[in-house]
Amino acid sequence: MILLIENANQLITLQGTMKKARTKEEMSNLQIIDNGSVLISGDLIIATGTKASLRAHYPDLVSQANIIDASGKVVMPGLVDAHTHLVFGGTRENEFQMRLNGATYMDIMNAGGGIHATTKKTREASFEHLYEKTYEHLNDFLKHGITTVESKSGYGLDWSTEEKQLQVAKKLQENHEVDVVSTFMGAHAVPAEYKNNPDAFVDIIINEMIPKVAEGNLAEFNDVFCEKGVFTPEQSRKILLAGKEHGLIPKIHADEIEPYEGAELAAEVGAISAEHLLVASDKGIRDMAEAGTVAVLLPGTAFFLKADSARGRLMIDEGVPVAISTDFNPGSSPTISLPFIMNLACMNMGMTMEEVLTATTINAAYAINRGHEIGSLEEGKKADVLILDVANYQQLQYFYGMNHTHTVIKNGRVVVENGVLCSELQNVTD
Ligand code: IZC
Ligand code: ZN
């Protein structure tokens, strides 16, 4: 199947020669083609360019192509969400009410709520229930233009439930159009059973869970919630290094609520990314810049917890490659709207609209080790393409809190048309 997208007001390619996450002024270089076209064959991009150049260079393919007219619209790579807690039981709107009344996230967690509340619900939920529920969430992601999602386990805190979450993510990767990339996060909280002996739980993660994750090929990354009252930097280091020995790439929830030298630890252990970083130190930021650790910033979480956002502007100026993601989870960020989070990055972190587009495409792709195949519109990359119903990319941030997704092409197939999922259209006509 050949597809040709033509007449885009702006074709945002994000083409680049450096095969790594973008830093500093590279983050502002969107490589826009006016009146641009994208030629797709099967699931891959063949070429991008002006209408005239593609028609001149590929006459045979163009003559066979199904043409999608993007007149008046913006065409860009599918969005990549590099940080979600995708698979979970239940919801926590009661905690939102408590926080509006003055309770803090940590007060609630220490009283047995928070991650512990979701763990209870996730342990109780059947595989089928979790699968169906998460499938619906992925439909919502896709309707908002997100074509790849990272998914963390960590609401089991025992092997059978961690495995259930990872298997749900695996089955969704097989069956849903959105690509799901798995992270093991057994070290998300110390379960109540080990409250008085957290090191015993750390040993279980290291000696029992990580080897099983690696053996079953159930995840690519290993993440830890390094936070006062959760896992110490020493425990986190042990867990991340143990994962590394089993081929799991380290990621870390660092410096979210209290400074804990998490950014420094990320750089030290060679983590591919450090996430949150709301209160990361100056030194930690410099260490990350030097190590090339991607900062996955989550301004929706700061918004929802009424906290000050991470210092995104400073991080970019210091040379840290920055990605922006939703942190979709039932406690601190119950939204799949990456477009809204992008607006928060502009409003609350001093990032430019160009930097935000880089942060949610190519840099987010590098944060999950996919920079070679997604995140930009370039020859040989996967044909994951968005067509937005806005006249220019600035309008995407300006008309905020709205969904501008018109068409989504995933692996070379149209999966959202006119803002509607093609799978849902199919059901109506059946
Ligand atoms: O369920 O509260 N911060 N993990 C670390 C979370 C937030 C998710 C949750
Ligand atoms: Zn998280």
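These numbers come from the heavy atoms of this one structure, side chains and all, not from hydrogens, waters or symmetry mates. Just so you know, ligand 1 is whichever comes first in the structure, and atom 1 is the first atom listed for that ligand.
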Notebook entry, point to check: Looking only at side chains, do Glu150 and Thr183 share a donor and an acceptor under 3.5 Å apart?
Noted result: yes

Check: Does any donor atom in the side chain of Asn363 or Thr358 lie under 3.5 Å from an acceptor atom in the other side chain?
Finding: no

Is it true that [X] lies under 4.0 Å from ligand 1, counting heavy atoms only?
{"X": "Ile115", "value": "yes"}
{"X": "Gly114", "value": "no"}
{"X": "Arg92", "value": "yes"}

Note to self: Looking only at distances, can you tell me whether any N or O atom of Glu256, backbone or side chain, sits closer than 3.5 Å to an N or O atom of ligand 1?
What the structure shows: yes

Notebook entry, point to check: Mind checking whether His188 has an N or O less than 3.5 Å away from an N or O of ligand 1?
Noted result: yes

Margin query: Whether the side chain of Lys152 engages the backbone of Leu86 through a donor-acceptor N/O pair (distance < 3.5 Å, no angle test) should be reported.
Written below: no

Note to self: Given Ser281, which partner from the list Glu264, Arg286, Glu261 fulfils the side chain to side chain donor-acceptor pair (under 3.5 Å) test?
What the structure shows: Glu264

Check: Hey, what's the ring geometry for Tyr194 with Phe201, parallel, tilted or perpendicular (30° and 60° as the breaks)?
Finding: tilted

Next item on the list: Kindly assign one of parallel, tilted or perpendicular to the pair Phe225 and Tyr105, based on the angle between their ring planes and the thresholds 30° and 60°.
Entry: perpendicular

Check: Is any side-chain heavy atom of Tyr393 closer than 4.5 Å to a side-chain heavy atom of Glu354?
Finding: yes

Check: How many degrees, to 10°, between His85 NE2 and His83 NE2 as seen from the Zn ion (ligand 2)?
Finding: 110°

Notebook entry, point to check: Vertex the Zn ion (ligand 2): angle to OD1 of Asp327 and NE2 of His253, to 10°?
Noted result: 170°

Next item on the list: Check whether any N, O or S atom of His276 sits under 2.8 Å from the Zn ion (ligand 2).
Entry: no

Next item on the list: May I ask which of Phe88, Tyr155, Phe225 has a heavy atom nearer to atom 5 (C) of ligand 1 than the others do?
Entry: Phe225

Notebook entry, point to check: For ligand 1, which atoms, with element, lie under 4.0 Å from some heavy atom of Ser332?
Noted result: 7 (C)

Next item on the list: Starting from atom 7 (C) of ligand 1, locate the nearest protein heavy atom and write down its residue, its atom name and how far away it is, to 0.1 Å.
Entry: Tyr105 OH, 3.0 Å

Notebook entry, point to check: When Arg311 is tested against each of Asp282, Asp317, Asp255 for salt bridge (Lys or Arg N to Asp or Glu O under 4.0 Å), which residue passes?
Noted result: Asp282

Notebook entry, point to check: Heavy-atom contacts under 4.0 Å between Glu227 and ligand 1: side chain, backbone, both, or neither?
Noted result: neither

